[in-house]
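Bear in mind that the values here come from a model prediction, so they are computed numbers and not experimental data. Start at 1 and go down the list; that is how both ligands and their atoms are numbered.
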Amino acid sequence: MDFAVLKQEIIEYSKQIGIDKIGFASADVFETLKERLIVQQQLGYQSGFEEPDIEKRTNPELLLPKAKSIISIALAYPSKMKNAPRSTKKERRGLFCRASWGTDYHVILKDRLKKLERFILEKVDGAQVKSMVDTGELSDRAVAERAGIGWSGKNCMIITPEFGSYVYLGEMITNIPFPPDSPIEDRCGSCNICVDSCPTGALVQGGQLDSKKCIAFLTQTKGFLPDEYRGKIGNRLYGCDTCQLVCPENKGKDFHIHSEMEPDPEIAKPKLKPLLHISNREFKEKFGHIAGSWRGKKPIQRNAIIALAHYKDRTALPDLIKLMHEDSRPIIRGTAAWAIGRIGDQSVLFELEKALEKEQDEEVKNEIVKGIEMLKA
Ligand code: B12
Ligand code: SF4
Ligand code: SF4
């Protein structure tokens with residue numbers, strides 16, 4: 001079988017099924033990535049969301065015996081929301097990052113990869129395939145870089161010349177020896193804007209991220225947000241786009257190719273106060289289909305409280321006081337107490353003192369004390 005011809009057929013088919021860019025890479029061990037992952041692990045820079053087994057992350061043969069090549073796919077997503085509602089003084093709004101607009105991208109890319117798998121399995125007797133998107137063992141970026149989808153930017157993103165960095169990535173390991181594509185040239189040059197613009201200094205240097213400092217990571221944690229970051233997350237409910245928004249390579253890049261990726265403005269930029277008392281069922285119904293709901297409602301509610309504190313929204317005080325007294329979750333009671341301290345004045349001091357008297361949880365007590373100190377100051 002002529003695999004170069006098959007490759008061409010796959011490229012043609014990929015266009016028909018809504019894949020915006022496709023590239024082919026060898027399934028050789030990812031040696032440089034391996035070294036990099038070891039360093040990142042030693043420095044404590046990993047997020048904990050990635051596959052922990054570095055061998056599996058870097059050796060495709062451990063995932064598919066007889067792996068010969070990897071097909072990398074990229075789908076472009078919108079960077080601008082049509083009819084974005086304004087956040088007003090009366091009704092403050094939070095923001096989900098662009099990678100959480102519209103239908104969860106895992107669902108969309110898995111659908112495309114499934115179609116591609118069927119196409120290949122029909123054409124090649126004995127073909128073996130294994131696909132993954134984000135949650136798989138491989139580094140989607142390292143595969144995409146090797147397959148010539150884009151270069152690895154100083155903001156860590158794979159940047160395509162066509163769509164900028166606003167692309168989702170996925171891949172399929174196969175036992176078919178496709179002729180590989182070549183990596184493309186790095187266009188960052190002397191630019192360092194993303195590194196200089198990161199609000200928390202998480203980009204330690206170009207191409208190296210300390211995940212524990214990255215707002216995208218911090219918005220997804222389930223515990224208390226460390227004090228030093230509470231003032232930095234602004235109105236972000238999930239994820240962070242700053243290092244992409246400032247990138248000159250993303251200037252004017254806004255692609256509305258896939259209707260499933262169109263954001264519903266009331267979901268992607270929701271009102272903050274209603275989020276404070278949303279039920280589990282309502283949360284599932286409204287936000288269950290977006291990528292940003294994978295950690296459940298608690299982190300989103302915690303971030304909504306911090307966002308209200310960021311806006312110093314006094315109209316939220318009654319809701320926050322209720323949460324501090326009545327919510328069953330310590331993270332929510334404590335973050336609400338802290339937010340009351342940020343927003344309120346002496347008139348709500350007694351509420352914090354009352355809460356302190358009856359609170360049993362040490363961490364929450366600590367947050368209430370912080371709130372009281374802020375009010376007294
Ligand atoms: C863990 C994870 C995170 C963590 C850590 C991110 C990070 N930079 O490592 C957190 C939670 C912080 C995160 C945030 C985001 N993520 Co994320 N995340 C992942 C995940 C699951 C693993 C990434 C990983 O292994 N990182 C470890 C680092 C070391 O490796 P890497 O970035 O994968 O690979 C590069 C480096 O190793 C580098 N490298 C290798 N050797 C060397 C040597 C030197 C000297 C240098 C300079 C570099 C270098 O080259 C590789 C190729 O670019 C991937 C999905 C997957 N399975 O791959 C998605 C993924 C990377 N995330 C993605 C997205 C969209 C985001 C956010 C933009 C979401 C948002 N808006 O909030 C942010 C961006 C933050 C940022 N600037 O990186 C996309 C990226 C798409 C793209 N165009 O690049 C991915 C690929 C998911 C997907 N399938 O589309 N994410
Ligand atoms: S996603 Fe935000 S916090 Fe993370 S590196 Fe980029 S700018 Fe910094
Ligand atoms: S902002 Fe500049 S340095 Fe950062 S990724 Fe974009 S081009 Fe590269």
query: So which protein heavy atom does atom 6 (Fe) of ligand 3 come closest to, and at what separation?
result: Cys247 SG, 2.3 Å
- prompt: Taking both backbone and side-chain atoms of Gln40, is any N or O found less than 3.5 Å from an N or O belonging to ligand 1?
  reply: no
message: Quick test: of every protein heavy atom, which one is nearest to atom 4 (Fe) of ligand 3, and how far off is it to 0.1 Å?
response: Cys194 SG, 2.3 Å
field: CG-CG distance between Asn303 and Asn235, expressed to the nearest 0.5 angstrom
entry: 10.5 Å
task: Run the contact test for Thr219 against ligand 1 with a 4.0 Å cut-off on heavy atoms, strictly below, and give the result.
output: no
- request: May I ask you to check if ligand 1 and Cys243 share an N or O to N or O distance below 3.5 Å?
  value: no
- prompt: Would you call Lys269 and Phe96 a side-chain contact if the rule is heavy atoms closer than 4.5 Å?
  reply: no
task: Run the numbers for me: atoms of ligand 2, each under 4.0 Å from some heavy atom of Thr242, listed by number.
output: 7 (S)
message: Within the 4.0 Å heavy-atom shell around Lys154, which atoms of ligand 3 are there?
response: 3 (S), 5 (S)
- prompt: Does ligand 1 have any atom that is closer than 4.0 Å to a heavy atom of Glu50?
  reply: yes
Per-residue contact class, Ala202 against ligand 1 - non-hydrogen pairs under 4.0 Å: neither
field: Any N or O of Gly207 closer than 3.5 Å to N or O of ligand 1
entry: no
query: Which bit of Ser165 is near ligand 1, meaning a heavy atom under 4.0 Å away: side chain, backbone, both or neither?
result: backbone
- prompt: Between Leu203 and ligand 1, which part of the residue brings a heavy atom under 4.0 Å of the ligand: side chain, backbone, both or neither?
  reply: neither
- prompt: Is it the side chain (CB and beyond), the backbone, both or neither of Ile159 that lies under 4.0 Å from ligand 3, heavy atoms counted?
  reply: side chain
- request: Identify, by atom number and element, the atoms of ligand 2 in contact range of Leu209, meaning under 4.0 Å from any of its heavy atoms.
  value: 5 (S)
task: For ligand 1, indicate whether the residue Met157 contacts it via side chain, backbone, both or neither (heavy-atom separation under 4.0 Å).
output: both
task: Do me a favour and list the nearest non-hydrogen protein atom to atom 2 (Fe) of ligand 3 with residue, atom name and distance?
output: Cys191 SG, 2.3 Å
query: Using a distance-only test with no angle check, is there a side-chain donor-acceptor pair under 3.5 angstrom linking Arg236 and Thr242?
result: yes
message: Tell me whether Gly170 reaches ligand 1 (any heavy atom closer than 4.0 angstrom to a ligand atom).
response: no
field: Per-residue contact class, Ser139 against ligand 1 - non-hydrogen pairs under 4.0 Å
entry: both
message: Using a 4.0 Å heavy-atom cut-off, which part of Tyr166 comes near ligand 1: side chain, backbone, both, or neither?
response: neither
field: Verdict with supporting geometry, Glu362 and Lys365, salt bridge (charged side-chain N to carboxylate O under 4.0 Å, His left out)
entry: CA-CA 5 Å; Glu362 285 306 319; Lys365 278 189 190 170; 3.5 Å; yes
- prompt: To the nearest 0.1 Å, how far is atom 8 (Fe) of ligand 3 from its closest protein heavy atom, and which atom is that?
  reply: Cys188 SG, 2.3 Å
query: Can you find a non-hydrogen atom of Tyr238 under 4.0 Å from ligand 1?
result: no
Joint cluster assignment, Ile149 & Trp151, ILVMFWY side-chain distance < 4.5 Å: no
query: Side chain, backbone, both or neither: which part of Asn155 has a heavy atom under 4.0 Å from ligand 1?
result: backbone
field: Asp140 N/O to ligand 1 N/O under 3.5 Å
entry: yes
field: Under 2.8 Å: N/O/S of Cys198 next to atom 8 (Fe) of ligand 2
entry: yes
field: For atom 72 (O) of ligand 1, the option (of Cys194, Gly136, Cys240) bearing the nearest heavy atom
entry: Cys240
- prompt: Counting heavy atoms only, which part of Arg141 comes closer than 4.0 Å to ligand 1: side chain, backbone, both or neither?
  reply: both
- prompt: At the 4.0 Å heavy-atom cut-off, does Asn155 count as touching ligand 3?
  reply: yes
- prompt: Can a non-hydrogen atom of Arg57 be found less than 4.0 Å from any atom of ligand 1?
  reply: yes
task: Answer yes or no as to whether an N/O/S atom of Cys240 is found below 2.8 Å from atom 2 (Fe) of ligand 2.
output: yes
field: Close approach of Leu203 to ligand 2, heavy atoms, under 4.0 angstrom
entry: yes
message: Tell me whether Gln46 has any N or O atom under 3.5 angstrom from an N or O of ligand 1.
response: no
message: Is Gln244 close enough to touch ligand 1? Criterion: a residue heavy atom under 4.0 Å from a ligand atom.
response: yes
message: Students often mix this up, so state it plainly: with edges at 30° and 60°, are the rings of Phe49 and Phe217 parallel, tilted or perpendicular?
response: tilted
query: For ligand 1, is there an N or O atom under 3.5 Å from any N or O atom of Leu37?
result: no
